[in-house]
*Asks:* 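Take a look at the following structure, please.
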Amino acid sequence: MLEILPLFCLSLFLAYCSQKNNFILKINEKVKIDLAFVFLVVALSVFAGLRTNYNDTWLYMKNFKNAVPLSEYLATEPGFFDNPFFYGFQCFFRHNISNNFNLFCMLVSFFIIFSILRLIKKYSKNFILSITIFFSLGLYYDILGAMKQMIAIAILTYAVDALIKKKTLLYFCIVLLATLFHSYAIFYLILIIFINRPWSVTTYITVFAIAVLLLTFE
């Protein structure tokens with residue numbers, strides 16, 4: 001994975017520029033675009049989107065190539081925990097937008113990377129260090145290797161915002177949406193425990209509900 005080394009260096013440079021607000025495009029008094037952040041997202045997305053191997057990429061390529069039309073997929077009546085939104089989107093893209101896997105991969109990677117870096121940028125006090133950790137912990141490699149899981153994680157970053165703002169209903173809706181892309185996202189509901197006292201009625205209800213849910217998994 002030496003190919004990532006130049007990308008890593010570029011990412012640190014762009015993170016530095018973003019942290020220092022070196023390239024800000026001012027549209028008006030309220031709208032400002034951080035061009036360094038935009039370039040960072042685009043660079044990481046293009047690299048991820050143009051990959052032809054690494055981890056499960058071959059499997060995603062095979063499934064994309066064999067994707068049936070959306071109507072045919074829906075006719076199979078996929079279940080809630082069958083990742084229906086991911087496979088449905090894959091079928092729709094393959095037959096209604098483009099049969100180019102790399103274009104599909106790039107679009108998905110852009111959403112994932114933008115969502116995750118948006119959260120990091122928003123809550124990080126040191127964006128450069130955060131990007132270093134982002135690479136060092138292997139999170140970027142996870143984006144290169146897994147799509148369903150990382151789409152779910154990207155969606156869940158918005159659930160974090162909702163949870164912090166105590167918008168509980170929105171939080172539940174976002175988690176359920178992520179679950180439709182990857183079923184394990186349902187476990188994110190446990191975070192609701194941490195917005196109240198450590199052990200309360202809500203805690204016991206949540207733990208019981210999650211235990212029941214776990215028992216339904218094969």
Side-chain angles (χ1 to χ4, degrees), residues 3-51 85-86 88-90 92-93 96-98 100-137 139-144 147 149-178 180-181 185 188 191 195:
E3 298 89 345
I4 286 186
L5 186 57
L7 182 66
F8 173 65
C9 295
L10 175 62
S11 297
L12 291 183
F13 171 73
L14 292 173
Y16 172 82
C17 293
S18 178
Q19 183 170 307
K20 298 297 183 180
N21 296 318
N22 287 345
F23 300 103
I24 300 295
L25 177 61
K26 186 175 181 180
I27 305 300
N28 52 50
E29 291 298 326
K30 294 184 178 180
V31 180
K32 297 179 182 179
I33 300 176
D34 184 350
L35 293 180
F37 180 82
V38 172
F39 292 151
L40 173 60
V41 172
V42 169
L44 294 176
S45 301
V46 169
F47 185 91
L50 293 178
R51 71 184 187 274
F85 272 28
F86 174 78
F89 175 65
Q90 178 178 258
F92 176 81
F93 192 99
N96 298 89
I97 300 179
S98 173
N100 187 315
F101 170 77
N102 288 108
L103 184 60
F104 171 75
C105 189
M106 196 174 300
L107 179 64
V108 169
S109 298
F110 181 85
F111 170 72
I112 295 171
I113 293 168
F114 170 79
S115 300
I116 293 176
L117 293 192
R118 176 202 65 87
L119 185 74
I120 294 174
K121 173 75 173 176
K122 185 174 182 179
Y123 295 105
S124 173
K125 293 184 178 180
N126 189 328
F127 192 46
I128 305 169
L129 176 60
S130 296
I131 291 300
T132 303
I133 295 173
F134 173 74
F135 276 92
S136 300
L137 292 182
L139 185 55
Y140 185 62
Y141 298 97
D142 290 337
I143 296 173
L144 297 178
M147 295 180 73
Q149 297 91 328
M150 296 310 298
I151 290 176
I153 289 174
I155 294 173
L156 291 173
T157 62
Y158 299 95
V160 172
D161 289 328
L163 190 63
I164 290 175
K165 296 176 182 177
K166 296 187 177 181
K167 296 181 178 180
T168 307
L169 179 59
L170 178 60
Y171 166 75
F172 276 107
C173 291
I174 295 174
V175 173
L176 292 178
L177 174 62
L180 291 169
F181 282 91
Y188 213 71
L191 285 187
I195 66 171

*Asks:* Does any part of the side chain of Thr157, heavy atoms only, come nearer than 4.5 Å to the side chain of Arg118, both counted from C-beta?
*Replies:* yes

*Asks:* Which atom pair, heavy atoms only, marks the closest approach of Ala36 to Cys17?
*Replies:*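 Scanning both residues, the minimum pair turns out to be CB-CB, 3.7 Å.
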
*Asks:* So which of Ile113, Ile143, Val108 actually passes side-chain contact (heavy atoms from CB on, under 4.5 Å) with Met150?
*Replies:*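 The option that passes is Ile143.
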
*Asks:* Return yes when atom CG of Leu169 has more than 12 non-hydrogen atoms of other residues, nucleotides or ligands closer than 6.0 Å, and no otherwise.
*Replies:* no

*Asks:* Heavy-atom count check: over 12 atoms from other residues, nucleotides or ligands less than 6.0 Å from Phe85 CZ?
*Replies:* no

*Asks:* If the plane angle is over 60° it's perpendicular, under 30° parallel, otherwise tilted; pick one for Phe114 and Phe37.
*Replies:* perpendicular

*Asks:* Would Ile4 and Phe47 satisfy side chain to side chain contact (heavy atoms under 4.5 Å, CB included), going step by step from the backbone distance to the final call?
*Replies:* CA-CA 9 Å; Ile4 286 186; Phe47 185 91; 3.7 Å; yes

*Asks:* May I ask you to test the Phe135-Leu12 pair for a side-chain heavy-atom distance under 4.5 Å?
*Replies:*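 Not touching, per the 4.5 Å side-chain cut-off.
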
*Asks:* Which distance, rounded to the nearest 0.5 Å, do you find between the CG of Leu177 and the CG of Leu170?
*Replies:* 10.5 Å

*Asks:* Any idea which heavy atoms bring Ser130 and Ser124 closest together, and the distance?
*Replies:* OG-OG, 2.5 Å

*Asks:* Nearest 0.5 angstrom please: Leu156 CG to Leu163 CG, how far?
*Replies:* 11.0 Å

*Asks:* With heavy-atom distances below 4.5 Å as the criterion, would you say the side chains of Asp161 and Leu119 are in contact?
*Replies:* yes

*Asks:* With a 4.5 Å limit on heavy-atom distance, are the side chains of Ile112 and Met147 in contact?
*Replies:* no

*Asks:* Decide yes or no on side chain to side chain contact (heavy atoms under 4.5 Å, CB included) for Phe127 and Phe134, but give the supporting numbers first.
*Replies:* CA-CA 10 Å; Phe127 192 46; Phe134 173 74; over 6 Å; no

*Asks:* If every non-hydrogen atom of Ile128 is compared with every non-hydrogen atom of Gln19, which pair is closest and at what distance?
*Replies:* N-OE1, 3.2 Å

*Asks:* Kindly say whether Ser18 contributes a backbone atom to a donor-acceptor pair with the side chain of Lys121 at under 3.5 angstrom?
*Replies:* yes

*Asks:* Quick one: pull up CD1 in Ile116 and CD1 in Ile153 and give me the separation to the nearest 0.5 Å.
*Replies:*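 If I round to the nearest 0.5 Å, the distance is 6.5 Å.
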
*Asks:* Can you give me the closest heavy-atom contact between Asn100 and Asn102, atom names plus distance?
*Replies:* OD1-N, 2.9 Å

*Asks:* Would the distance check show the side chain of Asp34 and the main-chain N or O of Asn21 forming a donor-acceptor pair, the cut-off being under 3.5 Å?
*Replies:* no

*Asks:* Within a strict 4.5 Å, meaning less than it, do heavy atoms of the Leu191 and Tyr171 side chains meet?
*Replies:* yes

*Asks:* One pair to check against side chain to side chain contact (heavy atoms under 4.5 Å, CB included): Ile131 and Leu40. What are the steps and the verdict?
*Replies:* CA-CA 10 Å; Ile131 291 300; Leu40 173 60; 4.1 Å; yes

*Asks:* May I ask you to test the Val41-Val38 pair for a side-chain heavy-atom distance under 4.5 Å?
*Replies:*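 Contact flag for Val41/Val38 side chains = no.
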
*Asks:* Considering only heavy atoms from C-beta outward, does the side chain of Phe111 approach that of Ile155 to under 4.5 Å?
*Replies:*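 Answer yes - side chains close enough.
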
*Asks:* If I compare all heavy atoms of Ser115 with all of Ala154, which pair ends up nearest, and what's the gap?
*Replies:* CB-O, 3.6 Å

*Asks:* Just so I know, are the side chains of Ile33 and Leu35 near enough to count as touching, which here means a heavy-atom distance under 4.5 Å?
*Replies:*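 A side-chain contact exists here, since the closest heavy-atom pair is under 4.5 Å.
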
*Asks:* State, to 0.1 Å, how close Met106 and Ser45 come at their nearest heavy-atom pair, and which atoms those are.
*Replies:* CG-O, 3.8 Å

*Asks:* Applying ring-ring contact (aromatic ring centres under 6.0 Å, His included), run through Phe104 and Phe89 and close with a yes or a no.
*Replies:* CA-CA 10 Å; Phe104 171 75; Phe89 175 65; 5.7 Å; yes

*Asks:* With side chain to side chain contact (heavy atoms under 4.5 Å, CB included) as the criterion, how do Leu44 and Ser11 come out once you've worked through the C-alpha distance, each side chain's angles and the decisive distance to 0.1 Å?
*Replies:* CA-CA 8 Å; Leu44 294 176; Ser11 297; 3.5 Å; yes

*Asks:* Please indicate whether Tyr123 has more than 12 foreign heavy atoms, meaning atoms of other residues, nucleotides or ligands, lying under 6.0 Å from its OH.
*Replies:* yes

